[in-house]
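Nothing fancy with the numbering, it's 1 onward along the sequence.
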Amino acid sequence: MRFLIRVVVNAFAIWVVTLISALQVTVIPFAPGETLQLVLTLLAVAAVFAIVNTIIGTVVRIVAFPLYILTLGLISLVINGFLLWLTAWFTHWWSWGLRVEDFWLGVVAALVISVINWIFGIILRPQLKRR
């Protein structure tokens, strides 16, 4: 259940990031590109992002632990941007998915996604801990 909630929140955050045109992050929906296909594509991209963040992100964070200490945690912005770029790279092989035009704009987009996830985490935390 928690994974599904995380995927839905990530899909919403990715959608918000695509609305900010200055970040140059786009989602190419499944064909024929209607609203339902866009929502399904956002959910699929969010699921890929959650899996990349869980598996590869954990390994990268463990390896980069000394950099976390050295930069007082600011390296996490670059790592989150890298994970978003990696998600775009994974979905690049299909005719749908996430497109990140610039790595550093991807870092800013990952920051926006992190802030949205943090806000929803505060809102949804009491409901998740009750069960």
I need the [X] [atom1] to [Y] [atom2] distance, nearest 0.5 Å.
X: I116; Y: L111; atom1: CD1; atom2: CG; answer: 10.0 Å
X: I113; Y: N117; atom1: CD1; atom2: CG; answer: 7.5 Å
X: I51; Y: T87; atom1: CD1; atom2: OG1; answer: 9.5 Å
X: L36; Y: F30; atom1: CG; atom2: CZ; answer: 10.0 Å
X: L124; Y: R6; atom1: CG; atom2: CZ; answer: 12.0 Å
X: L98; Y: F49; atom1: CG; atom2: CZ; answer: 9.0 Å

Return the minimal non-hydrogen interatomic distance between [X] and [Y], and the atom names on each side.
X: A50; Y: F3; result: CB-CE1, 3.7 Å
X: T18; Y: V27; result: CG2-CG2, 3.6 Å
X: A110; Y: L84; result: N-CD2, 4.0 Å
X: V7; Y: A46; result: O-CB, 3.2 Å
X: A11; Y: L43; result: CB-CD2, 3.8 Å
X: Q37; Y: A31; result: CG-O, 3.6 Å

So, do [X] and [Y] sit near enough that their side-chain heavy atoms are less than 4.5 Å apart?
X: L40; Y: E34; result: no
X: W94; Y: T91; result: yes
X: V45; Y: W96; result: yes
X: I56; Y: L83; result: yes

Out of curiosity, does [Y] fall in the hydrophobic cluster containing [X] (side-chain heavy atoms, cut-off under 4.5 Å, transitive links)?
X: L86; Y: I28; answer: no
X: V100; Y: L19; answer: yes
X: V78; Y: F65; answer: no
X: I79; Y: V63; answer: no
X: V48; Y: V59; answer: no

Side chain to side chain donor-acceptor pair (under 3.5 Å) partners for R99, two or more places apart: none
Ring geometry between F103 and W85 (parallel below 30°, tilted from 30 to 60°, perpendicular above 60°): perpendicular
